[in-house]
Number of protein chains: 2
Amino acid sequence: MSKQRGSLPEVVAACCPPLAVAPLTGEQATNLAPMFKALGDPVRLRLMSLIASTDEICVCDLTDAFDLSGPTISHHLRVLREAGLVDAERRATWVWYRARPQALKQLAGLLDVATPAAV
Amino acid sequence: MSKQRGSLPEVVAACCPPLAVAPLTGEQATNLAPMFKALGDPVRLRLMSLIASTDEICVCDLTDAFDLSGPTISHHLRVLREAGLVDAERRATWVWYRARPQALKQLAGLLDVATPAAV
DNA sequence: GATCTGATTCGATAATTGTCAAGGCAGAGA
DNA sequence: TCTCTGCCTTGACAATTATCGAATCAGATC
């Protein structure tokens, strides 16, 4: 799977100029909002940070990091998955999660303000 | 008001390293999530883009851009305001909104992935 | 096959949220 | 002062969502 990591890459990545540069159309906003929404929950934001700050991480380790039930963590991971922010891969007994750098980069690009070097 | 733009600024701005660098604590996630949540609605994301892509913009212009009632727009603007993403100022009859670049920058920094130039 | 462990799905419930209609407040002008 | 306009607040309601327990599924091991 590490081979075909190019499933939905650049297409999404090259969506829109930064918010500070041009307003979004309704459609663009509708497409992008779910990603922000996925990060808009403290549990998911922390899950995302745990996933993004390692190469890959097992669900068991993620579950241990919270005082929440397995199904609840699973639910939040699904939201992150469906938003396109993370990828999941089952390997033997465990499921491993990893971040989608392109997605994060896209969001970062949207929020970009007055890139110092670009001036 | 443009003078005392220092109401809740730098404190928030210097929060955390990028998600991809270090995981967030529960408290950090709790503080940051509301900003993402505020952007997690298509209407608000588009509002934010309209506000951020101009110097300042009147509520009347924002309302005109949507097929939504005044109170609904007002509600969304309040969410953006309370998340610290925008500032509002009443001038005569109209209320003007402007973006808080620091807030956007903070979020962009959080999502920053492997800054090419930093390698 | 039987069983055990890790993770997801299902079903239910309480809490949050997006939306609007109605009402209220602030400033401008008659 | 009265009225008009622009915006916000309140109250209500439908829809969404966060959470958990129970059930189910996927592999591994016996």
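Order of the sequence lines sets the chain letters (A, B, ...), proteins ahead of strands, with each chain counted from 1. Model, not experiment: these values are computed from the prediction.
In terms of modelled atom types and a separation under 3.5 Å, the side chain of B:Thr63 and the main chain of B:Val59 share a donor-acceptor contact. Of the possible polar contacts, none joining the A:Glu82 side chain to the A:Val79 backbone as a donor-acceptor pair under 3.5 Å is found. Panel note: side chain A:Arg44, backbone A:Leu39; no donor-acceptor pair is recorded below 3.5 Å. When atom types are taken as modelled, the side chain of B:Thr30 and the backbone of B:Gly26 share a donor-acceptor pair closer than 3.5 angstrom. Judged purely by atom type and a 3.5 angstrom limit, B:Ser53 uses its side chain to pair as donor or acceptor with the backbone of B:Ser49. Checked by atom type and distance alone, the side chain of B:Arg46 pairs as donor or acceptor with a backbone atom of A:Leu24 at under 3.5 Å.
The stretch residues 64-81 of chain B touches DNA chain C through B:Leu68, B:Ser69, B:Pro71, B:Thr72, B:His75, B:His76, each having a heavy atom under 4.0 angstrom from the strand.
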Worked verdict on B:Tyr97 versus B:Leu80 for side-chain contact (heavy atoms from CB on, under 4.5 Å): CA-CA 10 Å; B:Tyr97 276 78; B:Leu80 289 174; over 6 Å; no

Protein and nucleotides 28-30 of chain C: nitrogen or oxygen contacts under 3.5 angstrom:
none

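Summarising the geometry, the separation between CZ on A:Arg90 and C1' on C:dT9 is reported as 13 Å, rounded to the nearest angstrom. In this entry the distance linking CG of B:Leu47 with P of C:dG18 reads 12 Å, nearest Å. Between the CD atom of A:Glu89 and the P atom of D:dG27 there is a distance of 12 Å, rounded to whole Å. Rounded to a whole Å, the CH2 atom of A:Trp96 is 9 Å from the P atom of C:dA7.
In this structure, A:Asp87 pairs ionically with A:Arg100, as a charged nitrogen and a carboxylate oxygen lie closer than 4.0 Å.
At the phosphate of D:dT16, neither OP1 nor OP2 sits under 4.0 Å from any side-chain N or O atom of A:Lys37. Taking 4.0 angstrom as the limit, A:Arg44 places a side-chain polar atom (N or O) nearer than this to OP1 or OP2 of D:dA18. At the phosphate of D:dC7, neither OP1 nor OP2 sits under 4.0 Å from any side-chain N or O atom of B:Tyr97.
When distances are taken from the side chain of B:Trp94 to each of D:dC7, C:dA7, D:dC8, the shortest belongs to D:dC7.
Residues B:Asp41 and A:Lys37 fail the side-chain proximity criterion, which asks for heavy atoms closer than 4.5 Å.
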